[in-house]
Number of protein chains: 2
Amino acid sequence: MSPTIRDVAKKANVGIATVSRVINNNTSVSAETRNAVLTAIEELDYTPNPIARQLSTGRTLTIGVIVPNLTSPSYVERLRGVQTALAESEYHMVLYSVGNPVDRDNYFKELSRNGLVDGILIISLPPNDAQAERFAQSDVPTVLIDAYHEQLCSVLTDDVKGGEMATQHLIDLGHTKIGFLSETLETPFHPSSYYRYQGYRKALTENNIPFDETYRISGASGRMHAREMARQLLAMQIPPSAIFAGNDIQAIGILDTARELQIEVPSELSVIGFDGIRDAEYTNLTTIDQHLHESGEEGVKMLLQELESLSDSPAQKRLALKLVQRNTTRPLIG
Amino acid sequence: MSPTIRDVAKKANVGIATVSRVINNNTSVSAETRNAVLTAIEELDYTPNPIARQLSTGRTLTIGVIVPNLTSPSYVERLRGVQTALAESEYHMVLYSVGNPVDRDNYFKELSRNGLVDGILIISLPPNDAQAERFAQSDVPTVLIDAYHEQLCSVLTDDVKGGEMATQHLIDLGHTKIGFLSETLETPFHPSSYYRYQGYRKALTENNIPFDETYRISGASGRMHAREMARQLLAMQIPPSAIFAGNDIQAIGILDTARELQIEVPSELSVIGFDGIRDAEYTNLTTIDQHLHESGEEGVKMLLQELESLSDSPAQKRLALKLVQRNTTRPLIG
DNA sequence: GTATGATTCGAAACCGGTTCCATAGAACAA
DNA sequence: TTGTTCTATGGAACCGGTTTCGAATCATAC
């Protein structure tokens, strides 16, 4: 077995407390003793057992990240941001990947309870009131990324406003027949698509453009399903001249279909996405950039702050949205 | 603070050993005592402190996953596989994301040393001899995914063979002017591009097709750089009629450029990738599927086995490669 | 009634650190 | 010289579990 602090103490002819002081750079050790201890450590190739240290200090130096299965690039990008910010800290990251509501609830309960982690970061998984209450009561600080609850710290996106911005952009370009294509609006997870839809409706209303139910389509997530839905939208007698997609992946699916149908983008069809994933840049997609990477970093910052000193009122940070115009939207001709 | 096992013992009027027995389903507890303990646990809302348990059992129920920064979809896909397999076990996953060789070496050293994790999974980061030696000596089982070292367990891909398969496919289609586009062949990380290049060369040789140095180009990774490199290849006086890309992302970059230059794929240019990421399917890319997801799952399986009983000779599992023909390759006309 | 064995259970040791507290000795002041 | 303060240090308690070991209890056998 690996050597323990007692082995070091014996070898250096000192007490274990002294060894501990040396390890932790406690000043009150004479240079002589310190050297003796250091050489003993060297000779035994000793490293302190982190678990024992965790038990006695009460800190695990670990933060738990609860995230939906890495099915969507946006989760991955947020996670990258988390990773980036965490790398500069002394904390490690345990990944809890949730595939269904049961997983989610289990992780929520498990982590908020006992001292497995020092802090919790939750990505795109809004807790219900009871769960939020638990987190708030628990003594492990929790930060939500891309989700909101009044009781908890959060880094969030104004999806309604983003939806409005996207739609307004299309309207500004002269479009009035504007389609909306998204994931199912009723999801057990984060209803961001629904909020974006609300923004879409709001923009229409504000510009006195009547909402046409037939221009709205939603279904399963993913590029393939988006293609299919786009086919349906574009096969209408009077198809939309522009489509706002609930996220970038779906927007890219629409572009796929447009190419397949030889509908030229943006001259014959404008498409705008939402998220600002990397593929949006590669495909020259106009989109609403919600600063995914930054959201991860900000979440970590907030959590680290919370770990320093638990604030009383939960901090809330809203990330700015940015319309990034590329080559999939342009003024309507005629 | 949360209640401890002693609180429960006091409340139930039993010794702590008995409480421990109840928690761990040890049989030798009378039904009566067991019930008393269970109700005490219930009333106090007690859960055992996992850190304390870890210290006394010596197991952390955690496995460390060392992976390059999630820059490439292939790492993410492998990680998903790991996640899938791990979800069915009792283990958690700590993610160590490495951005540079220094990170890598630190993590290698740190994790192999002390009991922070019960096992280590290393993705696409081949250790050098000294490091492999460390891992082999250490008492924490280690499995390499997409990397090989004779001293360690591994799940691996035959990149040379894959490169050969891809090239042979193009040759079978009648191509002889076959380009090779990849990442820099000298990388501090995993030299898979180099192996694939070797396979390419091998296939050419075996078919008596002279290798033309000007048909080979390599540079920085990523779709954007691939586009630029593709432009160079395709601007040649006698451009290749087919290109084998070192990975799918680069193949997609080539497709981007082809579209930009209005070179029709596959009629004017065949393109084959390597990896089998999801986007390959979406873009109808012919590729060599190396079963990324499965590699993650297999790595976990192997590691779990190793955790059960440390085998003496390191297990090696080679994943089959599969040519998936889609719509970016076709017989050369004329 | 005593010997034997099985069952149930608690005290205490242990895992490997950190930290409180008491003390020895040095340094300094009067 | 004596008293006081400060520094360096070790012993022991502690974190919260698991596990060993021995003892108490009970049933059964003789």
Side-chain angles (χ1 to χ4, degrees), chain A residues 1-41 44-62 90 110 113-118 139-140, chain B residues 1-41 44-62 90 110 113-118 139-140:
Chain A
M1 284 310 294
S2 351
T4 74
I5 197 171
R6 284 158 231 269
D7 298 327
V8 176
K10 197 172 293 174
K11 180 142 203 156
N13 272 318
V14 298
I16 56 167
T18 302
V19 177
S20 179
R21 287 189 193 101
V22 171
I23 295 169
N24 297 296
N25 282 318
N26 191 310
T27 46
S28 113
V29 178
S30 73
E32 197 181 358
T33 337
R34 153 166 285 116
N35 282 332
V37 171
L38 287 178
T39 60
I41 288 179
L44 291 173
D45 190 28
Y46 165 80
T47 39
N49 179 320
I51 305 295
R53 190 175 249 174
Q54 286 173 29
L55 179 60
S56 92
T57 60
R59 301 179 68 200
T60 63
L61 294 185
T62 290
E90 50 181 347
E110 191 182 330
R113 187 189 280 278
N114 48 39
L116 204 50
V117 297
D118 290 346
D139 35 29
V140 16
Chain B
M1 282 312 295
S2 350
T4 75
I5 197 171
R6 284 158 229 269
D7 298 327
V8 176
K10 197 172 293 174
K11 180 143 202 154
N13 270 320
V14 298
I16 57 167
T18 302
V19 178
S20 178
R21 288 192 190 97
V22 171
I23 295 171
N24 297 296
N25 284 317
N26 191 308
T27 45
S28 101
V29 178
S30 74
E32 196 180 359
T33 338
R34 154 166 284 115
N35 281 332
V37 171
L38 286 177
T39 59
I41 287 178
L44 292 173
D45 188 29
Y46 165 80
T47 40
N49 179 318
I51 305 296
R53 190 175 251 175
Q54 287 173 28
L55 179 59
S56 93
T57 59
R59 300 179 69 200
T60 62
L61 293 185
T62 291
E90 52 182 347
E110 191 181 329
R113 186 189 282 278
N114 48 37
L116 204 50
V117 297
D118 290 346
D139 34 30
V140 17

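For clarity, every value in this text was computed on a predicted model and none was experimentally measured.
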Under 4.0 angstrom between A:Thr18 side-chain N/O and D:dA8 OP1 or OP2 = no
key: Value in whole Å for how far the C1' atom of D:dG17 lies from CG of A:Asn114   = 13 Å
Could you list the donor-acceptor pairs under 3.5 angstrom formed by side chains in residues 45-53 of chain A, with sequence neighbours left out?
unit_1	atom_1	unit_2	atom_2	d
A:Asp45	OD1	B:Arg113	NH1	3.1
A:Asn49	OD1	A:Ile51	N	2.7
A:Asn49	OD1	A:Ala52	N	3.1
A:Arg53	NH2	A:Asn24	OD1	3.3

ask   = For A:Thr4, what residues pass the side-chain contact (heavy atoms from CB on, under 4.5 Å) criterion, not counting sequence neighbours?
value = A:Arg6, A:Asp7
message = Does anything in residues 20-37 of chain B form a salt bridge (charged side-chain N to carboxylate O under 4.0 Å, His left out)? List the pairs, not counting sequence neighbours.
response = none
query = Reckon B:Ser30 touches a base, only the sugar-phosphate, or nothing at all at heavy-atom distances under 4.0 Å?
reply = sugar-phosphate
Restricting both atoms to N or O, compile the protein contacts to nucleotides 11-16 of chain C shorter than 3.5 Å, with distance only.
unit_1	atom_1	unit_2	atom_2	d
C:dG16	N7	A:Arg6	NH2	3.3

message = Any side-chain N or O of B:Ser28 below 4.0 angstrom from OP1/OP2 of C:dT8?
response = no
Between D:dT19 (C1') and B:Ile23 (CD1): distance, integer Å = 13 Å
query = What's the CG-P distance between B:Leu44 and D:dG17, to the nearest Å?
reply = 12 Å
request  = Give the minimum heavy-atom separation between B:Pro3 and B:Leu44, together with the two atoms involved.
outcome  = CG-O, 3.5 Å
ask   = Do A:Val140 and A:Asp118 come close enough that some side-chain heavy atom pair is under 4.5 Å?
value = no
request  = Using salt bridge (charged side-chain N to carboxylate O under 4.0 Å, His left out) as the criterion, list what pairs up with A:Arg59, not counting sequence neighbours.
outcome  = A:Glu90
task = Quick one: list whatever passes side chain to side chain donor-acceptor pair (under 3.5 Å) with A:Thr62, sequence neighbours left out.
result = none
remark   = Closest heavy-atom pair, B:Ile41 versus B:Val8, reported as atoms and distance to 0.1 Å, is CG1-CG1, 3.7 Å
request  = Using the test side chain to side chain donor-acceptor pair (under 3.5 Å), find all partners of B:Asn114 that sit at least two apart in sequence or belong to another chain.
outcome  = none
inquiry  = So B:Asn13, base contact, sugar-phosphate only, or nothing? Heavy-atom distance under 4.0 Å.
reply    = sugar-phosphate
remark   = Applying side chain to side chain donor-acceptor pair (under 3.5 Å) to A:Thr57 and not counting sequence neighbours gives none
request  = Return the angle between end axes of the helix from C:dG1-D:dC30 to C:dA30-D:dT1, with five pairs used per end and rounding to 10°.
outcome  = 60°
note = Sorted by chain and residue number, the side chain to side chain donor-acceptor pair (under 3.5 Å) partners of B:Thr33 (sequence neighbours excluded) come out as B:Ser30
Below 3.5 Å between N/O atoms, which protein atoms pair up with nucleotides 22-25 of chain D? Just atom names and distances, please.
none

